[in-house]
Number of protein chains: 2
Amino acid sequence: MIKPRPEMIAETRAKLVAAARHAFGTVGYAQSSMDDFTATAGLTRGALYHHFGDKKGLLQAVIQQIDAEMTARLNRVSAGAATRWQGFVDECATYIEMALEPEIQRIMFRDGPAVLGDISQWPTTSGCIVALKKSLGQLKQDGMIIDIDEEVTARMINGASSNAALWVANSDNPEETSKRAVQGFRTLLEGLRSKQV
Amino acid sequence: MIKPRPEMIAETRAKLVAAARHAFGTVGYAQSSMDDFTATAGLTRGALYHHFGDKKGLLQAVIQQIDAEMTARLNRVSAGAATRWQGFVDECATYIEMALEPEIQRIMFRDGPAVLGDISQWPTTSGCIVALKKSLGQLKQDGMIIDIDEEVTARMINGASSNAALWVANSDNPEETSKRAVQGFRTLLEGLRSKQV
DNA sequence: CCACTTACATACGTGGCGTATGCCACAAGG
DNA sequence: CCTTGTGGCATACGCCACGTATGTAAGTGG
């Protein structure tokens, strides 16, 4: 019944990440007291410093977890679409939808960049950016889209969607505004398609 | 020789804003000690709390100042272009260039949103967004661009350029990367033009 | 000239962070 | 077994930064 040692450690780390994720996602990184959320995990800051070095280290771990979830979700969406182009569009729409979730928005698009800097500087390169780049590369190979710089375009799509989401989430009428945003996004993406009549 | 009272006050406020702007722009908002940068302005936190309420209030004042400068710069650029479309493209390119400046990037695109939330929630609505919207509206009236949602598009351009700039600024070779970014941006904007043969 | 406000400085309390240290469980070696 | 580490985590301490409460001098209106 007694769990093996490595499992206990993993559980401790998971509990800390979960507690921090909740705190960061609700009240924000700077407003989250380490004493508080470690206590809710049944631990103290001692465990935190031991496993993650400092508050920023824990934020990185949280981000890594969320990013993995988001990447998996994006891959599922693009894989389930009829055409590659449709898959890409769906992927972008999903990206906006995800950016609407308060936890993702706060951690991935606001506090994350503010505390850790640009994504490319993060230890764990963002899987979402990679996923977008991959989709763009395939579309280019297939001749579905014009000749673009995948890296640049992926970055801009990332920025555009996160910003659009921020705007939607803070609007008076999120549902309706969301439709406007997604529609505007589709229009923007249409401009990337090949002019095949 | 003795300056009138209101002028003294304005000077005090200006000194605080300037000192905070420098501190925020170099070491970042969270890392800036109020005691430190008020001291470099020859004042104390007492003056800060009196005029700006708290640290966030001072950040708002700093942002307002920078935003005014950026808006003026954007307006100059678009006014000096040959055509409206060219003016708009130049405006966007200028936006990316501005986002490359460390002070603007840090304050306007990283710490600002992280501390104050979405721009639309800021007390002083961002003049830059308004400028972009205005340009888009005129282009639409002129029939130069397809039918788009100006608000959404302005937001996405804002997000795309700020993110692209963040990427450029942290790349190994900023000059070359900047060219790639601007070029990619132009390509994206081309997609908005009317299909007038 | 006096009451009152304004524009700041000073003083204090609190809370959060980082580090140093301590304790306990477990694992390895004799 | 006993002993000697070592890793996992808690406790204790000091520091720094923020916010507020209070003080004070200069200005302002009646």
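Predicted, not measured: the structure shown is a model, and the values here were computed from it. By convention in this document, chain letters (A, B, ...) are assigned in the order of the sequence lines, proteins followed by strands, and residues within each chain are numbered from 1.
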Rounded distance (Å) that lies between atom P of C:dA7 and atom CG of B:L48: 15 Å
B:I104 side, atom CD1; B:R106 side, atom CZ - distance, nearest 0.5 Å: 14.5 Å
Rounded distance (Å) that lies between atom P of D:dG19 and atom CG of B:D54: 6 Å
Among D:dC13, C:dA11, D:dG8, the one nearest B:R45 by side-chain distance: C:dA11
Aromatic contact, A:F37 with A:F24 (centres under 6.0 Å): yes
Basic-acidic side-chain contact under 4.0 Å: A:E190, A:R193: yes
B:T44 side chain near C:dT10 phosphate (N/O to OP1/OP2, under 4.0 Å): no
Between D:dG8 (P) and A:E11 (CD): distance, integer Å: 15 Å
Residue met sooner reading DNA chain C from 5', once A:G46 and A:M34 are mapped to nucleotides: A:M34
Salt bridge present between A:K179 and A:E175 (N-O < 4.0 angstrom): no
Rounded interatomic separation in angstrom, taking CG from A:D35 and P from C:dG18: 11 Å
Any B:H50 side-chain N or O less than 4.0 Å from OP1/OP2 of C:dC8: no
Candidates D:dC9, C:dA7, C:dC12 - which lies nearest the side chain of A:T12: D:dC9
Test item: side-chain donor near acceptor, B:Q86 and B:D90, under 3.5 Å: yes
Length of the CZ-P vector between A:F52 and C:dG18, whole Å: 14 Å
Separation of D:dC15 P from B:D36 CG (nearest whole Å): 17 Å
N/O (side chain, B:S33) to phosphate O (OP1/OP2, D:dC16) under 4.0 Å: no
Below 4.0 Å: OP1/OP2 of D:dC18 and any side-chain N or O of B:K55: yes
Of the listed nucleotides D:dC9, C:dA7, C:dG18, the one nearest the side chain of A:Y49: C:dG18
Sugar-phosphate, base or nothing in reach of B:L43, heavy atoms under 4.0 Å: sugar-phosphate
Closest to side chain of B:I9, choosing from D:dC9, C:dA7, C:dC8: C:dA7
